[in-house]
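Notes follow once the structure below has been shown.
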Amino acid sequence: MKQYHRIFILTGAGISAESGLATFRSANGLWNNHKVEDVASIEGFERNPALVHDFYNDLKKEVQGVEPNAAHLAITKLQQNYDAEVNVITQNVDTLHEKAGNQNVYHIHGQINQAVCLNCGHVLETWGDVDTETVCPHCQVMGMMKPNIVFFGENLLCMDTVERLLRQSDLFISIGTSGVVYPAAGFVQTAKYYGADTVEFTLEPTANNFLFDKHIYGKAGEMLPQFVEELLAI
Ligand code: APR
């Protein structure tokens, strides 16, 4: 294990699984119980905004009821004790990274406690319900608020920062993502191209596991703290 200077941590739903939040593509995953096109596409939102608001309002309540797990806390320990810049780029819309005290967190698929006004672009931070009656506090228009979740086909958020960090990082760690949704699934290839070492934490081999130098299979809540201890022992 060598000393790293800038670490890029990509997380997916798997890092929040041990906190009790469902992943998307597992046996009882979110996408097994809901149609992606109904709740995660612009067409679905235009077709039935009330259904989409209900889905994310319910998810918002679930997120409020859970706590970060040992994997989230291991990232905080790494950021506080290891002499490197550690950035967290998450596909997750939950706020467990922040709740665990993680710094430098970038939500590329949006955040569950935010809604964006389609009339003026204002981003409303709220843990309360948002629906078709919600009035934008900035432009006062009613019924134009959309969950600030990146739907399939929309552009990811924070991509300027992500692209810079992919070029500059010397260690790329992927935690709890199946590696099937692009552009995030392609980040490891970019990091590798620019010379980063690459490590993957999942339960089983993923779609792009051939791009990782090292695979650590098992629950992130158990495996990541051990990996962090090894880094800190250098
Ligand atoms: N520890 C480590 N890995 C885990 C754990 C765990 N306790 N539990 C599940 N995993 C792994 C699974 O092995 C799987 O590879 O997490 C991954 C979860 O994959 P998905 O359910 O596909 O979630 P994710 O990769 O985050 O999905 C990416 O797809 O639907 C969109 O926008 C949505 O952000 C999401 C994106």
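Not measured: the values here are computed from a predicted model.
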Query raised in the report: Within a radius of less than 6.0 Å around CG of N81, do more than 12 heavy atoms belonging to other residues, nucleotides or ligands occur?
Result: yes
Report task. Give a yes or no on this: more than 12 heavy atoms of other residues, nucleotides or ligands lie within 6.0 Å of atom NZ of K77. Result -> no
Query - Pairwise side-chain contact, L124 with C136, heavy-atom cut-off 4.5 Å (strictly under) - result: no
Query raised in the report: Between CG of N119 and NZ of K146, what distance do you get to the nearest 0.5 Å?
Result: 15.0 Å
Report task. Measure up the F55 and H34 rings against each other and bin them: parallel (under 30°), tilted (30 to 60°), perpendicular (over 60°). Result -> perpendicular
Query raised in the report: Can H72 and E18 be counted as having a side-chain donor-acceptor contact under 3.5 angstrom?
Result: no
Requested in this report: Could you work out the complete set of other residues in the hydrophobic cluster of Y217, with links drawn between I, L, V, M, F, W and Y side chains under 4.5 Å apart?
Outcome: none
Report task. Enter the distance from D131:CG to D54:CG here, rounded to the nearest 0.5 Å. Result -> 8.0 Å
Requested in this report: Show the numbers, then the answer: is there a side chain to side chain contact (heavy atoms under 4.5 Å, CB included) between L30 and T23?
Outcome: CA-CA 6 Å; L30 279 175; T23 59; over 6 Å; no
Query raised in the report: Would a distance-only check, ignoring hydrogens and angles, find a side-chain to backbone donor-acceptor pair under 3.5 Å from T95 to E98?
Result: no
Query raised in the report: Can D197 and K2 be counted as an ion pair, charged N to O under 4.0 angstrom?
Result: yes
Query raised in the report: Taking atom types as modelled and ignoring hydrogens, do the side chains of H97 and T11 form a donor-acceptor contact shorter than 3.5 angstrom?
Result: yes
Requested in this report: Decide side chain to side chain contact (heavy atoms under 4.5 Å, CB included) for F151 and V36; before the verdict, give the C-alpha distance in whole Å, the side-chain angles of both, and the deciding distance to 0.1 Å.
Outcome: CA-CA 9 Å; F151 289 156; V36 175; over 6 Å; no
Requested in this report: Could you go through the side chain to side chain contact (heavy atoms under 4.5 Å, CB included) check for V141 and V135 one step at a time?
Outcome: CA-CA 5 Å; V141 169; V135 174; over 6 Å; no
**Report entry** Flag side-chain contact, heavy atom, 4.5 Å: L156 against H109
**Finding:** yes
Query raised in the report: Is the count of non-hydrogen atoms from other residues, nucleotides or ligands lying under 6.0 Å from N33 atom CG greater than 12?
Result: yes
Requested in this report: Look up atom CG in N92 and atom CD in Q111, then write down how far apart they are to the nearest 0.5 Å.
Outcome: 11.0 Å
Report task. Determine, using the 4.5 Å side-chain heavy-atom cutoff (strictly less than), whether F24 and F152 are members of one ILVMFWY cluster. Result -> yes
Query raised in the report: If we ignore angles and hydrogens, is there a donor and acceptor under 3.5 Å between the side chains of S16 and S19?
Result: no
**Report entry** Sole residue of V93, V130, I112 in side chain to side chain contact (heavy atoms under 4.5 Å, CB included) with Y56
**Finding:** I112
**Report entry** ring-ring contact (aromatic ring centres under 6.0 Å, His included) partners for F201, two or more places apart
**Finding:** F227
Query raised in the report: Do K99 and D94 sit within salt-bridge range, that is, some charged N less than 4.0 Å from a carboxylate O?
Result: no
Query raised in the report: Run the side chain to side chain contact (heavy atoms under 4.5 Å, CB included) check on E62 and L21 step by step: do they pass?
Result: CA-CA 8 Å; E62 266 194 71; L21 293 181; 4.0 Å; yes
Query raised in the report: Does NZ in K61 sit with more than 12 non-hydrogen atoms of other residues, nucleotides or ligands closer than 6.0 Å?
Result: yes
Query - Same apolar cluster (I L V M F W Y, side chains within < 4.5 Å links), L203/V188 - result: no
**Report entry** Side-chain touch N208/E200, heavy atoms, less than 4.5 angstrom
**Finding:** yes
**Report entry** Check: T198 side chain, D213 main-chain N or O, donor-acceptor pair, under 3.5 Å
**Finding:** yes
**Report entry** Pairwise distance OG1(T206) to CZ(R25) - rounded to 0.5 angstrom
**Finding:** 12.0 Å
Query - CG-CG distance between N102 and L96, expressed to the nearest 0.5 angstrom - result: 9.5 Å
Requested in this report: Output the distance between atom CD1 (I9) and atom OG1 (T90), rounded to the nearest 0.5 Å.
Outcome: 10.5 Å
Query raised in the report: Are any non-hydrogen side-chain atoms of V86 and N104 less than 4.5 angstrom apart?
Result: no
**Report entry** Check: V199 and I216 side chains under 4.5 Å, non-hydrogen atoms
**Finding:** yes
Query raised in the report: Below 4.5 Å, heavy atoms only, C-beta onward: do E154 and I149 meet side chain to side chain?
Result: no
**Report entry** Side chains of P147 and H53 in contact at under 4.5 Å (non-hydrogen atoms)
**Finding:** yes
Requested in this report: Return yes if a side-chain donor-acceptor contact under 3.5 Å exists between E67 and N69, otherwise no.
Outcome: no
Query raised in the report: Would you call D38 and L51 a side-chain contact if the rule is heavy atoms closer than 4.5 Å?
Result: yes
**Report entry** Q114 and E125: side chain donor to acceptor below 3.5 Å
**Finding:** yes
Query raised in the report: Hey, any chance L78 and I234 share a hydrophobic cluster, counting ILVMFWY side chains that come within less than 4.5 Å of each other, even indirectly?
Result: yes
Counting only pairs under 3.5 Å, give me each side-chain donor-acceptor contact of residues 157-181, with atom names and distances, residues two or more places apart or in other chains.
| unit_1 | atom_1 | unit_2 | atom_2 | d |
| --- | --- | --- | --- | --- |
| R164 | NH1 | Q168 | OE1 | 3.1 |
| R167 | NH1 | E163 | O | 3.4 |
| S169 | OG | L165 | O | 2.6 |
| D170 | OD1 | H5 | N | 3.2 |
| D170 | OD1 | R6 | N | 3.0 |
| D170 | OD2 | H5 | N | 2.8 |
| T177 | OG1 | Q91 | NE2 | 2.8 |

